[in-house]
Amino acid sequence: MTRTGDLLALAAAAGVIAGAAWLAAAADAGQRYEAGLVLGLVAGLSVALLRRFTRLPLGRRRPYTFALPLPAPDWRVPLPDPHGDPEALRPHAELRARLLSDAAALGGALRHSCALEPGLREELTAYATTASIQAGNCVLHPAGDGPLGPDPAYDTAYALGELVAAVEFSRIGLRALEALVTGRPPVADPPCYFNPLHERGQARAVLAGTALAGAAEEVAVCHGCAREPAPLLVPSAAGPVPYHESDAVDPRWRLLGYGAVVADSGAAMIAAAQDGFRAPPRSRGSRADGAEKLGAKVSR
């Protein structure tokens with residue numbers, strides 16, 4: 001109905017209700033109960049018809065709104081190198097994990113309403129939930145609480161590796177929620193293999209001299225590391241080493257390059273988180289079994 005029609009309908013309904021109220025007031029004492037019932041039925045029917053055939057906001061629910069913490073960080077931007085100090089990275093990781101946790105309910109709300117194919121909606125909702133849980137878990141580990149403590153270097157490297165994982169899982173989860181909100185399927189957006197805190201891995205590099213069983217030859221790297229690799233260094237008993245050479249970093253994240261080895265939208269990292277696998281710890285300060293120093297050449 002038009003705005004004028006809405007107003008005319010409202011006036012007519014008001015007249016009917018007023019007439020019913022006048023009749024109820026004029027009824028005899030013995031008939032007032034029945035007159036009150038009639039008045040209630042007339043008023044309820046009038047409101048129901050107005051809600052059905054007009055655009056008047058009669059008792060209509062306001063749409064749900066989802067507010068994120070302010071100011072919300074730009075979760076896509078690269079982060080500063082912590083230079084082996086987990087506490088330098090912790091505020092960034094905790095802020096992003098908290099942002100994803102606050103927004104995770106949005107995935108469940110949009111699961112049945114967004115324009116994406118149902119199977120993809122369910123998958124993205126599961127991504128957001130798993131990523132939120134894992135990001136929250138990863139920020140819980142203090143630097144002195146590694147799995148092989150009390151080796152300070154090992155524990156610090158372990159904590160740093162977990163915080164990097166929290167940052168990457170937050171990105172995976174927020175990217176899944178963004179796809180649910182916009183209705184556009186997510187595209188592969190892997191991190192930089194050498195340093196997941198750099199810009200996203202839009203270039204490709206071929207790893208040379210690795211004996212890791214099943215390791216991919218080509219990985220995603222940022223444009224800076226494509227020119228000259230600048231790996232994320234973590235502490236060890238022998239001095240700083242690239243994270244992918246440290247046994248202290250969880251092998252689930254290290255062997256995947258935090259998602260850079262498999263160019264997908266986070267499926268490999270989500271599967272690793274759900275698997276919960278942790279390889280048996282090796283001697284402190286040693287590198288991964290069979291791993292050698294990695295060289296890289298750019299694939300153009």
Side-chain angles (χ1 to χ4, degrees), residues 74-79 81-82 89 92-93 96-97 99-100 120 123-139 158 160-179 185-207 210 212-226 229-232 234 242-246 248-279 288 291 294 296 299:
D74 187 349
W75 48 273
R76 299 176 181 84
V77 300
L79 296 178
D81 194 319
L89 182 60
H92 300 284
R96 282 156 177 76
L99 175 64
L100 175 58
L120 182 57
E123 182 180 273
L124 291 173
T125 303
Y127 278 18
T129 302
T130 302
S132 177
I133 294 172
Q134 190 62 57
N137 290 341
C138 286
V139 298
Y158 172 77
L160 185 56
E162 292 299 291
L163 292 173
V164 174
V167 171
E168 187 57 33
F169 274 110
S170 298
R171 288 169 172 166
I172 293 171
L174 288 167
R175 195 163 56 242
L177 291 176
E178 184 180 58
V187 296
D189 187 31
C192 172
Y193 176 82
F194 293 107
N195 190 334
L197 302 179
H198 285 175
E199 295 178 352
R200 307 306 287 172
Q202 301 299 321
R204 307 292 293 176
V206 177
L207 300 181
T210 178
L212 282 174
E217 294 183 355
E218 195 174 64
V219 296
V221 297
C222 68
H223 291 294
C225 286
L232 174 68
V234 299
Y243 79 89
H244 48 70
E245 297 181 15
S246 171
V249 178
D250 192 319
R252 293 178 295 173
W253 326 138
R254 168 168 48 86
L255 297 180
L256 287 173
Y258 290 94
V261 172
V262 183
D264 57 21
S265 57
M269 287 287 284
I270 293 294
Q274 292 172 339
D275 182 55
F277 167 77
R278 171 173 280 280
L294 297 177
S299 175

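Of all heavy-atom pairs spanning G136 and A97, the tightest one is N-CB, 4.5 Å. A pairwise comparison of heavy atoms in A179 and P186 identifies CB-CD, 3.8 Å as the closest pair. When all heavy atoms of P191 and G257 are compared, the closest pair comes out as CG-O, 3.9 Å. Nearest heavy-atom pair across S170 and A166 is OG-O, 2.8 Å.
With rounding to the nearest 0.5 Å, the separation of CD1 in I270 from CG in L124 is 10.5 Å. To the nearest 0.5 Å, the span separating CD on E168 from CG on L197 amounts to 9.0 Å. Atom CE of M269 and atom CG of L256 lie 6.5 Å apart (nearest 0.5 Å). In this structure, I133 CD1 and T129 OG1 are separated by 6.5 Å, a value rounded to the nearest 0.5 Å. Residue Q274 holds its CD atom at 8.5 Å from OH of Y127, rounded to the nearest 0.5 Å. Remark: R171 CZ to R96 CZ distance equals 7.0 Å, nearest 0.5 Å.
The number of heavy-atom neighbours closer than 6.0 Å to CD of E178, taken from other residues, nucleotides and ligands shown, is above 12.
The pair E162-R254 fails the salt-bridge criterion, with no side-chain N (NZ, NE, NH1 or NH2) lying under 4.0 Å from an Asp/Glu carboxylate O. Ion pairing between D189 and R175 holds under the 4.0 Å rule for side-chain N and carboxylate O.
When side chains are defined from C-beta on, L100 counts as touching L177, because their heavy atoms get closer than 4.5 Å. Between S246 and V234, some side-chain heavy-atom pair lies under the 4.5 Å cut-off. Annotation: side chain of C225 is in contact with side chain of H198 (closest heavy-atom distance under 4.5 Å).
Using the six-membered ring where Trp is involved, F194 and H244 have ring planes that are perpendicular, over 60° apart on the 30 and 60° scheme.
Residue P82 forms a side-chain contact (heavy atoms from CB on, under 4.5 Å) with just one option from V164, L232, L163, and that option is L232.
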CA sep, side-chain torsions, deciding dist, call: Y258, Y193, ring pair (Phe, Tyr, Trp, His ring centres under 6.0 Å): CA-CA 7 Å; Y258 290 94; Y193 176 82; 9.5 Å; no
